[in-house]
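These numbers were taken from a predicted model, which means no experiment stands behind them. In this chain, residues are counted from 1 in sequence order.
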Amino acid sequence: MKIGIMGGTFNPIHIGHLLLGEFAYEEFQLDEIWFLPNGNPPHKTMTENHSAKLSDRLKMIELAIKGNPHFKLSLHEANSTHHSYTYQTLKELHSLYPSHDFYFILGADSLFSIEEWKCFQDILSSCTILAAMREDKDIQDMLTQIEYLSNRYGAKIELLKAPLLEISSTVIRKRIERGLIVRYMVPDDVDTYMKKRQLYRENKGYDK
């Protein structure tokens with residue numbers, strides 16, 4: 001099977017994540033997209049005011065992907081009590097699913113900084129990278145970086161052309177904290193869940 005991997009904290013999951021996964025599935029004829037939430041990310045500090053509990057983040061992913069048969073929730077990193085690094089996760093997934101081919105979906109910024117990732121060469125040798133383009137990144141810059149990584153490290157990298165919306169989990173959290181709506185930025189069921197659980201709110205009394 002050809003499996004697309006969408007990693008991240010999903011704090012919270014939003015429409016941009018879902019569109020990216022769907023376009024990767026379609027463009028590269030993948031069999032499934034696995035949403036792989038990181039319960040203990042090494043590069044982020046999950047502060048109480050700006051983070052949802054892991055159980056809430058998992059539930060929001062479940063709500064967001066329900067009804068899509070090729071979207072799956074993977075708890076591989078979420079169940080780990082240690083920092084989860086991408087190279088370790090890919091190694092473990094290959095061990096668990098030796099017949100699968102993995103396609104790791106990442107953004108343009110990550111493509112340019114991947115040499116700063118822990119054991120990045122192990123990442124490049126164990127999967128195909130699907131690099132999503134951003135409108136503010138010149139395509140020639142992307143192609144030059146892909147050529148560089150391919151020639152130097154033998155990386156397999158493809159451009160993922162998808163509508164990248166100016167939506168981020170950070171923007172969503174800040175809007176909720178200010179009492180602003182996030183309708184249409186997240187699936188309706190996720191919006192309802194966040195309101196019910198009063199997630200990301202500084203003043204827990206607000207509801208909209």
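A continuous path of ILVMFWY side-chain contacts below 4.5 Å connects Leu63 to Leu75, so both sit in one hydrophobic cluster. Residue Ile114 is grouped with residue Leu143 when hydrophobic side chains (ILVMFWY) are merged at heavy-atom distances under 4.5 angstrom, including chains of intermediate members. A chain of hydrophobic side-chain contacts below 4.5 Å, direct or via other Ile, Leu, Val, Met, Phe, Trp or Tyr residues, connects Phe10 to Val171. Grouping the Ile, Leu, Val, Met, Phe, Trp and Tyr side chains by contacts below 4.5 angstrom, directly or via other members, places Ile3 with Tyr97.
Atom NE2 of residue His70 and atom CD1 of residue Ile65 lie 10.5 Å apart, to the nearest 0.5 angstrom. The CD1 atom of Ile105 sits 6.5 Å away from atom CG of Leu30, with the distance rounded to the nearest 0.5 Å. Atom CE of Met185 and atom NE2 of His14 lie 8.0 Å apart (nearest 0.5 Å). Here the straight-line distance linking atom CG of Leu111 with atom CG of Leu130 works out to 11.0 Å at 0.5 Å rounding. Summarising the geometry, atom NZ belonging to Lys91 is positioned 8.0 Å from atom CG belonging to Asp122; distances are rounded to the nearest 0.5 Å. With values rounded to the nearest 0.5 angstrom, Gln145 atom CD is found 9.0 Å from Ser113 atom OG.
Gln88 and His83 are not linked by any side-chain donor-acceptor pair at a separation below 3.5 angstrom, with hydrogens and angles left out of the test. Tyr193 and Asp56 are linked by a side-chain donor-acceptor pair at a separation below 3.5 angstrom, with hydrogens and angles left out of the test. Side-chain contact, Tyr103 with Glu158: no donor N or O sits under 3.5 Å from an acceptor N or O. With 3.5 Å as the limit, one finds no donor-acceptor pair spanning the side chains of Tyr85 and Glu77.
Lys161 contributes no side-chain N or O that, together with a main-chain N or O of Phe23, makes up a donor-acceptor pair within less than 3.5 Å. Remark: side-chain polar atoms of Arg57 are paired, donor with acceptor, to backbone N or O of Thr9 under 3.5 angstrom. Distance alone, capped at 3.5 Å, places no donor-acceptor pair between the Ser84 side chain and the Asn38 backbone.
For Tyr25 and Phe71, the ring centers are positioned 6.0 Å apart or more. Here Trp34 and Phe104 keep their ring centres 6.0 angstrom or further from each other.
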Practice prompt. Could you check Tyr200 against Asn11 for side chain to side chain donor-acceptor pair (under 3.5 Å), going step by step and ending with a plain yes or no?
Written response: CA-CA 9 Å; Tyr200 312 117; Asn11 188 32; 2.8 Å; yes
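Salt bridge Asp189/Lys66: present, at least one basic N to carboxylate O contact under 4.0 Å.
At a threshold of 4.5 Å between non-hydrogen side-chain atoms, the residues Ile157 and Thr128 do not count as touching.
Residues satisfying the side chain to side chain donor-acceptor pair (under 3.5 Å) criterion with Ser99, sequence neighbours excluded, are absent altogether. By the side chain to side chain contact (heavy atoms under 4.5 Å, CB included) test, His94 is found to be paired with Phe102, Ser126, residues two or more places apart in sequence or in another chain being considered.
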